[in-house]
Enquirer: 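The following block contains the structure, expressed as structure tokens.
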Amino acid sequence: MKTWLHRQTFKPDITVAVFFGVVAIFFYGSILWTFYMSLTRSTLMPNYAVVGLDQYVKLFTNYRWLVSCLNMVIFGVLFIVGTLGFGTILAIFADRRIQAESLFRTIFLYPLAVSLIVTGLSWRWVLDPVNGLQGLMRNAGWENFTFDWLTNPDRAIYTLVIASIWHSSGLVMVIVLAGLRGVDNDLWKAIRMEGIPLWRAYLQVIFPGMRPVIASCVVLLMSEVIRGYDLVIAMTKGGPGIATEMPAKFAVDFYFARVNLGLASAASIVMLMLSLLMLLPYFYSEFRKRT
Amino acid sequence: MSSVSIRQIRKSFAGLTVLDSVDMEIAPGEFVVILGSSGCGKSTLLNVIAGLDDCDSGQILINDVDVSGLEPSQRGLAMVFQSYALFPAMTVRRNLSFGMEIAGTPKAKIAEKVAWAAKLLQIEALLERKPSQLSGGQRQRVAIGRALVRSSSICLFDEPLSNLDAKLRAETRVELKELHETLKSTMIYVTHDQIEAMTMADRVAVMHKGRVEQFAEPQKVYEKPASLFVAGFIGSPAMNFLKGYLEGTRRFKTHDVSLDASSYGFATGPAAEEAILGIRCEDVNVVERGAPDSIPATLAFTELLGADALGWFDCLGQRFSVKLTIDAARTMQKDVGFRFNMSKASFFSAATERRL
């Protein structure tokens with residue numbers, strides 16, 4: 001039996017088929033099922049009668065959902081721009097052959113090793129108006145010091161931005177630094193021969209030549225934005241009020257807390273469409289390059 | 001046209017001497033090739049001239065002005081790199097104009113310069129393309145163009161042809177030489193390829209272990225190598241060597257054979273010392289075994305090269321290469337004798353390895 005098995009050539013096919021089966025059922029199968037549910041009026045339990053796009057209409061007239069989407073856009077733009085900018089500046093400093101570079105690299109990359117839940121909790125403590133930074137400064141004698149963004153409905157979203165920039169800048173730094181290390185030494189020599197100022201060299205020569213690296217960073221950060229759930233839960237729980245609601249949190253809430261399977265599924269499908277839409281420019285540029 | 005003086009340049013890196021008191025005087029409009037194997041310090045020397053690398057001591061003078069403390073962009077030089085180093089996200093036109101833009105050149109002047117360089121290098125059709133859409137040879141032209149528009153009278157080349165294939169390399173070699181004739185600017189060209197050095201240079205500087213072994217016209221470097229290293233490095237196949245003893249009477253003794261060397265133009269007075277005889281493959285005459293003033297040799301094999309042939313012989317324990325005609329190679333006997341053309345041979349001191 002054993003030697004018979006060894007002689008067979010179809011073994012790799014079986015392995016791959018099992019893998020594809022798992023992916024097909026649990027990944028794409030789930031997507032299809034979710035899509036199906038979004039077309040029904042399911043609440044706690046699945047209801048298999050298709051009613052059309054009712055749930056989508058409900059979704060886009062739901063104030064909380066619209067606020068969630070707007071929050072995601074504000075958070076996403078600020079977070080991606082901020083993280084890219086901050087991480088890139090760190091990478092440039094690290095690339096200028098500073099002292100103890102590996103120490104700084106570890107320090108800046110370390111936040112990434114901390115889970116978003118812990119990140120959110122820590123920043124909640126730091127930004128807590130009573131026990132955090134504001135309280136500390138007031139106890140130190142600065143009675144008028146005010147930094148209450150966490151509890152201010154207009155500002156709470158920015159505390160999420162600060163925490164997630166802190167969390168992800170190290171990742172961007174490492175990726176951009178790897179790209180910078182790959183820049184041809186002759187290119188730097190040519191830049192010196194032409195007398196190009198350093199900031200123009202980075203802005204007009206080096207970074208435009210690193211477009212694929214930057215694009216990878218943006219795609220990675222975008223997925224963080226759309227998935228954004230755990231940080232919100234740990235830091236603000238969507239509050240104050242619904243000031244920091246996010247689409248992912250909306251979906252989870254409607255699945256489990258408010259038992260509206262149909263609406264939550266519609267929200268999930270819209271999020272999937274949004275992800276694909278965001279990746280479109282990336283795929284387009286990649287595809288164009290091949291042909 | 002500018003002159004370049006390199007005076008007593010020294011550089012060591014982590015205890016290793018990279019440049020060991022290099023001296024060179026380069027005349028205005030001269031095409032100088034710095035030749036050497038990898039790690040001999042030739043690229044470092046070029047970087048020091050450009051100001052891209054610091055040296056420990058010594059001076060670089062351009063038109064008799066000391067530029068040692070100046071930034072690379074202030075020295076009035078242009079440079080072409082081995083990997084071309086084009087600005088990746090810019091079109092060819094912008095690659096050419098960007099440096100002038102930084103320097104604050106008026107727009108009309110920039111356009112005029114770009115048009116001139118593009119016409120000279122025949123890259124007018126490529127001006128709107130990105131470097132990634134160009135072939136290696138086209139990138140090379142753009143890199144040269146970027147150096148030309150700097151309108152500096154000195155141009156440095158760091159192995160510019162080594163990334164091209166053999167055919168393109170030969171074509172570009174000729175074009176570079178023509179460019180030099182047209183522009184008459186001073187060119188300093190670093191390479192490890194001796195054919196490039198022999199064909200393009202007005203003078204060749206052969207470098208070895210951070211020293212300039214010889215700085216002379218290519219033909220002189222070939223015919224009268226200044227040291228044992230240059231003799232072995234230049235020429236293909238390599239020069240044949242025989243160790244022996246040079247007597248005061250101008251006779252060279254090796255392995256019981258005594259050869260008359262009186263026709264050789266000695267640079268030094270008669271003195272008895274251990275010496276090495278070097279002879280090129282075309283300066284060995286094959287004669288009959290036992291002929292007067294000859295040494296015995298045995299044929300190992302012959303290589304027919306089309307126009308002529310190469311015979312490989314064993315002579316006094318050494319492998320010798322000898323240039324032969326095709327007919328001679330076909331009828332060559334096994335046991336023969338060698339007679340050397342002593343006026344074209346080279347003698348080196350065994351102690352100093354310098355030419356005698």
Side-chain angles (χ1 to χ4, degrees), chain A residues 84-85 87-89 91-92 95-99 101 172 175-219 281-291, chain B residues 43-44 46-54 70-91 94-105 130-133 139-140 142-147 149-150 152 154-160 162-163 190:
Chain A
L84 269 183
T88 305
I89 289 170
I92 290 175
D95 192 45
R96 301 312 297 182
R97 316 273 157 192
I98 51 162
Q99 296 273 312
E101 182 209 310
V172 172
I175 296 175
V176 173
L177 183 59
L180 285 175
R181 287 285 151 82
V183 170
D184 182 8
N185 207 16
D186 277 355
L187 192 57
W188 281 114
K189 287 184 185 170
I191 285 166
R192 284 187 67 194
M193 289 301 293
E194 300 273 353
I196 300 170
L198 204 56
W199 67 273
R200 289 193 75 168
Y202 274 113
L203 227 56
Q204 290 182 279
V205 179
I206 301 296
F207 287 132
M210 281 172 47
R211 269 226 306 265
V213 174
I214 309 280
S216 310
C217 285
V218 171
V219 169
Y282 175 72
F283 285 131
Y284 177 70
S285 71
E286 281 296 296
F287 181 71
R288 204 184 44 171
K289 220 172 287 164
R290 298 271 156 74
T291 53
Chain B
S43 284
T44 312
L46 198 72
N47 284 339
V48 168
I49 295 172
L52 296 167
D53 236 336
D54 297 324
L70 292 182
E71 274 294 297
S73 54
Q74 297 167 329
R75 295 189 177 193
L77 304 168
M79 191 158 174
V80 177
F81 299 92
Q82 179 174 4
S83 60
Y84 318 135
L86 299 178
F87 305 137
M90 297 184 186
T91 61
R94 203 139 154 65
N95 259 285
L96 297 182
S97 64
F98 192 56
M100 290 188 281
E101 211 174 281
I102 297 277
T105 314
K130 293 269 177 75
S132 56
Q133 297 165 311
R139 283 178 208 190
Q140 181 61 65
V142 177
I144 293 172
R146 193 176 60 184
V149 294
R150 283 183 66 75
S152 44
I154 302 170
C155 196
L156 311 179
F157 294 88
D158 188 5
E159 309 211 19
S162 55
N163 283 353
V190 162

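Proteins come first, then strands; the chains are lettered A, B, ... in the order of their sequence lines, and each starts at number 1.
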Enquirer: Could you go through B/L52 and A/W188, starting from their C-alpha distance and side-chain angles, then the distance that decides it, and tell me whether this counts as side-chain contact (heavy atoms from CB on, under 4.5 Å)?
Expert: CA-CA 10 Å; B/L52 296 167; A/W188 281 114; over 6 Å; no

Enquirer: Pick whichever of B/S132, B/P88, B/P72, B/A147 has the most heavy-atom pairs under 4.5 Å with chain A.
Expert: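 Between B/S132, B/P88, B/P72, B/A147, the count favours B/P72.
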
Enquirer: Out of B/F98, B/Y84, B/F81, return the one with the most heavy atom pairs under 4.5 angstrom to chain A.
Expert: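 Going by pairs under 4.5 Å, I would pick B/F81.
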
Enquirer: For the interface with chain B, which of A/V183, A/D186, A/V205 has the highest count of heavy-atom pairs at distances below 4.5 Å?
Expert: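 The candidate making the most pairs under 4.5 Å is A/D186.
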
Enquirer: Relative to chain A, which segment of B/L77 carries a heavy atom at a distance below 4.5 Å: side chain, backbone, both, or neither?
Expert: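 Contact with chain A: backbone and side chain both.
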
Enquirer: What part of B/Q82 is in contact with chain A, defined as an atom under 4.5 angstrom from a non-hydrogen atom: side chain, backbone, both or neither?
Expert: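 For B/Q82, the contact with chain A is made by backbone and side chain together.
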
Enquirer: Highest number of heavy-atom pairs under 4.5 Å with chain A: which of B/G51, B/A78, B/G99, B/S83?
Expert: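 Going by pairs under 4.5 Å, I would pick B/S83.
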
Enquirer: Between A/G209, A/P208, A/A190, which shows the greatest number of heavy-atom pairs under 4.5 Å with chain B?
Expert: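 When all of A/G209, A/P208, A/A190 are compared, A/A190 has the most.
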
Enquirer: Is the shortest side-chain heavy-atom distance between B/I102 and A/R200 below 4.5 Å?
Expert: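 The answer is yes; the side chains approach within 4.5 Å.
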
Enquirer: Looking at B/A143, B/P131, B/A89, B/A103, which one has more heavy-atom pairs under 4.5 Å with chain A than the rest?
Expert: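 It is B/A89.
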
Enquirer: Answer yes or no: is there a side-chain heavy-atom contact under 4.5 Å between B/R146 and A/M193?
Expert: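 A side-chain contact under 4.5 Å is absent here.
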
Enquirer: Counting only non-hydrogen atoms closer than 4.5 Å, does B/M79 touch chain A with its backbone (N, CA, C, O), its side chain (CB onward), both, or neither?
Expert: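 Both parts, backbone and side chain.
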
Enquirer: Roughly how far, to the nearest 0.5 Å, is CD of A/E194 from CG of B/N95?
Expert: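 Between B/N95 CG and A/E194 CD, I get 9.0 Å after rounding to 0.5 Å.
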
